[in-house]
Amino acid sequence: MAGGIFDPDNWFYRSTEKVVDLVFLSVFWLACCLPVVTIGPATAALYNAAVRCIRGDERNSWGVFLRTFRAELKTGVLATLAVLPAAVLLIFLQGLLYQTVGTAQGAVLYMAYQVFLLLPLGMVSYLFPVLSRFTFRTGGLLLNSAKLAVAHLPSTAVLGLLLGLAVWVCSFLPLLAVVIPTPIALIQSLLLERIFRPYILAQRGEEREEEE
């Protein structure tokens, strides 16, 4: 009985392993984000490890995380540096508009701005998962992520809403930042993997043709 429970291939052991991964990947992500400019590669690593090891059946999630982080470090940092100024500007504008909510027009304008924010938040939600799945230089990564965001607007809005809710919740309960990143990555992957699938299949086909 005990041998069955502690068998690495036992369903109980695997389920427990996935729960542990759920927490520790979030902690890894948070630690790797501390320099700020590494948010991009850390997010790519979190997404890749979550999809392959929690949704999938691969083991050694920490190894997958670290390998992805190192592999995507340069492009991820450059992409982060590219989007940070836009993020700062959007946050600054939100602060200005928040000061106007005391009036009816200001409140309407502020709410309209919150809806608008779903688009940039949604695009960012594509950016680093795309980095974890495909090989691009920084310019190509930004351009193709923007194309995907426009081509799949309903999904982009949902992705933006999920990211916005996560940020909002963590702003009130900062301790949740230790737990919430991996679940958000997993929920977003339900949409993203469906969108990525035809491109991944096409990429595999091209690789096979080159090998032949």
Side-chain angles (χ1 to χ4, degrees), residues 18 21-22 24-30 32-33 36-58 61-84 86-87 117-167 170 177 179-204:
K18 288 177 185 286
D21 287 345
L22 199 71
F24 276 91
L25 284 175
S26 293
V27 173
F28 272 28
W29 176 82
L30 192 61
C32 291
C33 284
V36 179
V37 295
T38 55
I39 289 175
T43 303
L46 172 67
Y47 181 86
N48 196 35
V51 171
R52 290 171 57 182
C53 301
I54 298 180
R55 280 191 61 182
D57 292 319
E58 289 193 37
S61 61
W62 307 317
V64 173
F65 183 100
L66 292 173
R67 285 196 302 273
T68 307
F69 182 81
R70 288 194 296 266
E72 310 302 346
L73 182 60
K74 180 180 178 180
T75 303
V77 167
L78 291 175
T80 303
L81 290 173
V83 300
L84 273 179
L117 282 179
L118 293 179
L119 292 177
L121 285 173
M123 180 186 166
V124 169
S125 297
Y126 285 94
L127 191 60
F128 301 114
V130 167
L131 177 62
S132 76
R133 282 287 182 269
F134 307 96
T135 302
F136 288 115
R137 292 185 178 180
T138 307
L141 175 63
L142 294 169
L143 179 60
N144 283 284
S145 296
K147 287 180 177 179
L148 287 174
V150 172
H152 302 277
L153 278 177
S155 295
T156 300
V158 174
L159 291 168
L161 181 61
L162 285 169
L163 181 56
L165 283 174
V167 173
C170 289
V179 179
I180 206 171
T182 307
I184 291 296
L186 288 170
I187 295 171
Q188 289 189 329
S189 75
L190 298 176
L191 292 171
L192 290 170
E193 289 303 299
R194 175 180 57 82
I195 293 170
F196 293 164
R197 182 172 175 77
Y199 302 102
I200 291 173
L201 292 175
Q203 180 175 265
R204 288 175 181 171

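Computed over heavy atoms, backbone and side chain alike; hydrogens, waters and symmetry mates excluded. Source: prediction; values computed, not measured.
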Closest non-hydrogen atom pair between [X] and [Y], with its separation:
X      : Y      : value
Leu141 : Phe136 : N-CB, 3.6 Å
Phe65  : Ala42  : CE1-O, 3.8 Å
Cys170 : Ile180 : SG-CG2, 3.5 Å
Glu58  : Val64  : OE1-CG2, 4.1 Å
Gly164 : Leu121 : CA-CD1, 3.9 Å
Leu142 : Val83  : CD2-CG1, 4.1 Å

Quick one: does [X]'s side chain get under 4.5 Å of [Y]'s, heavy atoms only?
X      : Y      : value
Met123 : Leu159 : no
Leu46  : Phe69  : no
Leu25  : Ile54  : yes
Leu186 : Leu22  : yes
Leu73  : Val77  : yes

Say you draw a straight line from [atom1] of [X] to [atom2] of [Y]; how long is it, rounded to the nearest 0.5 Å?
X      : Y      : atom1 : atom2 : value
Leu163 : Ser125 : CG    : OG    : 4.5 Å
Arg52  : Ser189 : CZ    : OG    : 14.0 Å
Ser145 : Leu127 : OG    : CG    : 4.5 Å
Arg67  : Glu72  : CZ    : CD    : 12.5 Å
Leu162 : Leu191 : CG    : CG    : 7.5 Å
Ile200 : Glu193 : CD1   : CD    : 5.5 Å

> Are side-chain N/O atoms of Ser132 and Asn48 paired as donor and acceptor at under 3.5 Å?
Replying inline: no

Any donor and acceptor pair, going by atom type alone, linking the side chain of [X] with main-chain N or O of [Y] inside 3.5 Å?
X      : Y     : answer
Lys18  : Asp57 : no
Thr182 : Ser26 : yes
Arg55  : Ala49 : no
Thr80  : Gly40 : yes

> For residues 149-167, which residue pairs qualify under side-chain hydrogen bond (donor to acceptor under 3.5 Å, both in side chains), counting only residues two or more places apart or in two chains?
Replying inline: Tyr126-Thr156, Ser155-Arg194

> What pairs with Pro129 under side-chain contact (heavy atoms from CB on, under 4.5 Å), at least two apart in sequence or on another chain?
Replying inline: Tyr47, Leu192, Phe196

> Considering residues, nucleotides and ligands other than Phe24, do more than 12 of their heavy atoms fall under 6.0 Å from its CZ?
Replying inline: no

